[in-house]
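Working notes, beginning with the structure itself.
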Number of protein chains: 4
Amino acid sequence: MFNDEQNLTEKQRGILAAATELFAEKGYAGTSTSEIAKKAGVAEGTIFRHYKSKKELLLTIVSPTMIKILGPVFKRDFNKVLDKEFDTFQDFIRAMIQNRIKFVKNNTPLLRILIQELPFHEDLKKQFIEHIGKDVFEKLRETVRHFQAKGQLIDTNPDTIIRIVGSSIFSYIISRYIVIPDADWDDEEIEWIIEILTNGISRKES
Amino acid sequence: MFNDEQNLTEKQRGILAAATELFAEKGYAGTSTSEIAKKAGVAEGTIFRHYKSKKELLLTIVSPTMIKILGPVFKRDFNKVLDKEFDTFQDFIRAMIQNRIKFVKNNTPLLRILIQELPFHEDLKKQFIEHIGKDVFEKLRETVRHFQAKGQLIDTNPDTIIRIVGSSIFSYIISRYIVIPDADWDDEEIEWIIEILTNGISRKES
Amino acid sequence: MFNDEQNLTEKQRGILAAATELFAEKGYAGTSTSEIAKKAGVAEGTIFRHYKSKKELLLTIVSPTMIKILGPVFKRDFNKVLDKEFDTFQDFIRAMIQNRIKFVKNNTPLLRILIQELPFHEDLKKQFIEHIGKDVFEKLRETVRHFQAKGQLIDTNPDTIIRIVGSSIFSYIISRYIVIPDADWDDEEIEWIIEILTNGISRKES
Amino acid sequence: MFNDEQNLTEKQRGILAAATELFAEKGYAGTSTSEIAKKAGVAEGTIFRHYKSKKELLLTIVSPTMIKILGPVFKRDFNKVLDKEFDTFQDFIRAMIQNRIKFVKNNTPLLRILIQELPFHEDLKKQFIEHIGKDVFEKLRETVRHFQAKGQLIDTNPDTIIRIVGSSIFSYIISRYIVIPDADWDDEEIEWIIEILTNGISRKES
DNA sequence: GATGAATGAGACTTCATTCAT
DNA sequence: TATGAATGAAGTCTCATTCAT
């Protein structure tokens, strides 16, 4: 996860990896620096040579992550979309879901930490909304307008559509891969989500 | 919040209120018993006279909440709800959303704690699944089957419908009232959620 | 045990009995006043209405005991002895052993406390030596001299004889009934102790 | 006392020494870890860096002592002791007494702790019986049988002889050096103990 | 006299952080 | 640079004792 980061020594990578995993598993406050040191295979003092405090370690993990890792991936997706690679909104959603699932699978611990710690750290929250929230929301808005213009989507406030579609997908993926990762769900459900989002749950007369 | 509970001394109520507020604000692990005592205006020892441990204090706060989460809607005679009160699935959803919004508004701190702490406490998780998962899920399934039989809902696996409808509503309410309580959203959006869930987001030709 | 004590209320007797049992089992420092209260079936405050402190409770149990209970019994025995009821020293020892065993069996918890707490309480130690030590030792000395005069005992310093005979018996009884009460020992061993004390362990030629 | 132990830091030795002294003086339950820290001249936390808990500290102090209690006499080649070094049982007893007196003098505080705490700690009791009880008792039994075979000892159950001789010596040494260390006793009494054990206390006609 | 809720000092223990090596 | 022993503040919890009822 931190392999792509340059200018990090072997030890630093180990510390970050260990801390990420432990924070995700037991929470920030529930993880001790000695546990991190042991898991990373370094001495306790070494952690503090690289990070002034435990809090700084958390911020190091969580803050650049959002900017450097979450950001680009999101943008990558939307560039694809905005390049009009998809003919229908369904295709767009499908691609997004699959992409998000992959992303979540690759970054589960990081996301877990983010979800857990966001409420307790005003600064993190602000950064999150700043970098992800605004940027991404604006691009989604464009996408929706694009498909509305093509006549594929109902003419409601784009934000409403984004929120409903987004929260359906978001909460589905979150529950599925983070909150209850052991539950055993049917994989074709994704198609049903798309179907329902498209045509609703009410039965149409033939 | 704890006013309605009988047979609680003044001090106990104070301790529960202080603990709830602090747990919600700073998390369980991030709150010290001495903080709770100070906020409640009692000696630290008093806390432990009423609750064997800090963990028991958490459970006391959180357990009844879990039971109440989806309970009320189903506590009344369930058949009544199905046969008499609601003609359509939309009406049922609308009632549920409104009921849940009221509940969430009244129990925000409690729910915050629940959401934050669930991942870190195996026992809480187990209780939650016990109380909410099985019981409530089964009743929802019946409801969906009922409306499917009436020809109002598409003939998919009821669990899929529950999951999609449920997660849409759930994540909408949670984001709206707990995660980002200051965001400024349009209240008629609820009707749009229902509309979209019912008919989908795709534009129908006239 | 405290039945014969006059001017004690029902509650006081209960407290003393509970405290004695618990002190014996878990030690003075290892027993809490709340445990005592629960076992005695009274409120915690009640203990402190009768005894100013936990320490005073210990002294109440342990101090008059030595004087009122251990004392008279010892004296009773020695009066019998000094009244020349025994023809031989062996008979005297046998009577004493049996008497002591009975005494120890009836007062096990008290003795346990005494053994455990004596080293930690200078005042107790002093009282013990004062009341038991001197008084009893003097009478034993007379007894030994009596049998030496009758030509039954070797002409050594009486104190040496007392110490050796006494400690043999004492440590035998203590181990047997207090330290390792569950060990399974042969009852006729008492006769062997007397035999060995009398004639030694070396084999005599016929 | 802990000088001979290798691979112990200066601080560890200090902690062990302070704890030993305080446990002996005030008992395990009556000694606080903060007292130990102060006496050892270290921070309280330092204790717990070396010993997981107060209990483990007790075990560290007491366990090796138990093993050494009767060990040394038998650690050397046991047959040598029997066949060559001692011609008579008296010589054997004399050697053992002297050896044990030396040991007790050097380990008074340790033994005090052992005697005080044994009754309250099931685990200690078990260890003790394991180390001392079985092992040593069996070897003593062989010794007694050896001298019985040589015709020096009466033909009783060896266990009886061990118990009487052992408890005489044991309680003599314990009282003399641990319980009442200030009493002023005659040193040649040891010879009298041997004499009495050998020939008994009864006067033989010439 | 009896109660038991309340107290607060102090017990054991953890842990982020420092610093001599 | 890395180490890990040492620290001491702070955490959870216990308990003898007090006091209003």
Side-chain angles (χ1 to χ4, degrees), chain A residues 9-12 14-15 28-38 40-58, chain B residues 9-12 14-15 28-37 40-57, chain C residues 9-12 15 28-38 40-58, chain D residues 9-12 14-15 28-38 40-57:
Chain A
T9 73
E10 191 59 30
K11 303 249 174 204
Q12 285 191 62
I15 291 168
Y28 170 74
T31 302
S32 73
T33 49
S34 81
E35 282 176 292
I36 297 170
K38 198 190 296 172
V42 302
E44 273 194 77
T46 307
I47 292 175
F48 291 90
R49 178 154 300 281
H50 293 293
Y51 306 95
K52 247 202 327 280
S53 68
K54 191 186 169 192
K55 179 81 181 267
E56 191 183 291
L57 182 55
L58 173 66
Chain B
T9 73
E10 193 58 29
K11 303 257 173 198
Q12 281 192 65
I15 291 168
Y28 171 76
T31 302
S32 76
T33 51
S34 82
E35 282 176 293
I36 297 171
V42 302
E44 209 171 343
T46 306
I47 293 175
F48 292 93
R49 168 159 289 279
H50 293 295
Y51 307 96
K52 261 204 303 288
S53 66
K54 192 187 169 191
K55 182 76 176 269
E56 190 183 293
L57 182 55
Chain C
T9 72
E10 190 59 29
K11 304 248 173 204
Q12 285 191 61
I15 292 168
Y28 169 75
T31 302
S32 74
T33 50
S34 82
E35 282 176 292
I36 297 170
K38 198 191 295 174
V42 302
E44 273 195 78
T46 307
I47 291 175
F48 291 90
R49 179 154 297 281
H50 293 294
Y51 307 95
K52 247 202 327 280
S53 68
K54 192 185 167 192
K55 180 81 180 267
E56 191 184 291
L57 182 54
L58 172 67
Chain D
T9 74
E10 193 58 31
K11 304 258 171 195
Q12 281 192 65
I15 291 168
Y28 170 75
T31 302
S32 75
T33 51
S34 83
E35 283 176 292
I36 296 171
K38 200 188 293 173
V42 302
E44 210 172 342
T46 305
I47 293 175
F48 291 92
R49 170 159 287 279
H50 293 294
Y51 307 95
K52 262 204 303 288
S53 65
K54 191 187 169 191
K55 182 75 177 269
E56 191 184 293
L57 182 53

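Proteins come first, then strands; the chains are lettered A, B, ... in the order of their sequence lines, and each starts at number 1. It should be emphasised that the depicted structure is a prediction, and the values quoted were computed from it without experimental measurement.
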Of the nucleotides F:dG8, E:dG4, F:dA2, which has the atom closest to the C:Ala43 side chain?
E:dG4

I need the B:Ile15 CD1 to B:Glu10 CD distance, nearest 0.5 Å.
11.0 Å

Examine distances only and state if a side-chain atom of C:Glu35 and a backbone atom of C:Thr31 form a donor-acceptor pair shorter than 3.5 Å.
no

Kindly say whether C:Lys55 contributes a backbone atom to a donor-acceptor pair with the side chain of C:Tyr28 at under 3.5 angstrom?
yes

B:Thr46 vs B:His50 side-chain heavy atoms within contact, under 4.5 Å:
yes

Rounded distance in Å - NZ (D:Lys11) to C1' (E:dA20):
12 Å

Salt bridge (Lys or Arg N to Asp or Glu O under 4.0 Å) partners for A:Glu44, two or more places apart:
D:Arg49

Within this structure, what is the CD-to-P distance between A:Glu56 and E:dA16, rounded to whole angstrom?
15 Å

Where along nucleotides 11-17 of chain F does protein come under 4.0 Å, by heavy atom, of base (B) or sugar-phosphate alone (S), with - for untouched nucleotides?
SBBBSBB

Separation of atom CD in D:Glu10 from atom P in E:dT21, rounded to whole Å:
14 Å

Donor-acceptor pair, side chain of B:Lys11 and main chain of B:Ala40, under 3.5 angstrom
no

Rounded to the Å, how far apart are D:Tyr51 OH and E:dC12 C1'?
17 Å

Report the stems of DNA chain E as range-with-range entries sorted by first number; a stem here is at least three consecutive pairs, Watson-Crick or G-U wobble, both distances under 3.5 Å, and write none if there are none.
E:2-21 with F:2-21

Between A:Tyr51 and A:Glu56, what is the shortest heavy-atom contact and its length?
CA-OE2, 3.5 Å

Any non-hydrogen side-chain atom of B:Leu57 less than 4.5 Å from a side-chain atom of B:Thr33?
no

Specify the separation, in whole Å, of atom CD1 of C:Ile47 and atom P of E:dG1.
16 Å

Neighbour count >12 (heavy atoms, 6.0 Å) for atom NZ, D:Lys38:
no

Round to the nearest Å and state the distance from C:Ile36 atom CD1 to E:dT3 atom P.
15 Å

For E:dA6, does either OP1 or OP2 sit under 4.0 Å from a side-chain N or O belonging to B:His50?
yes

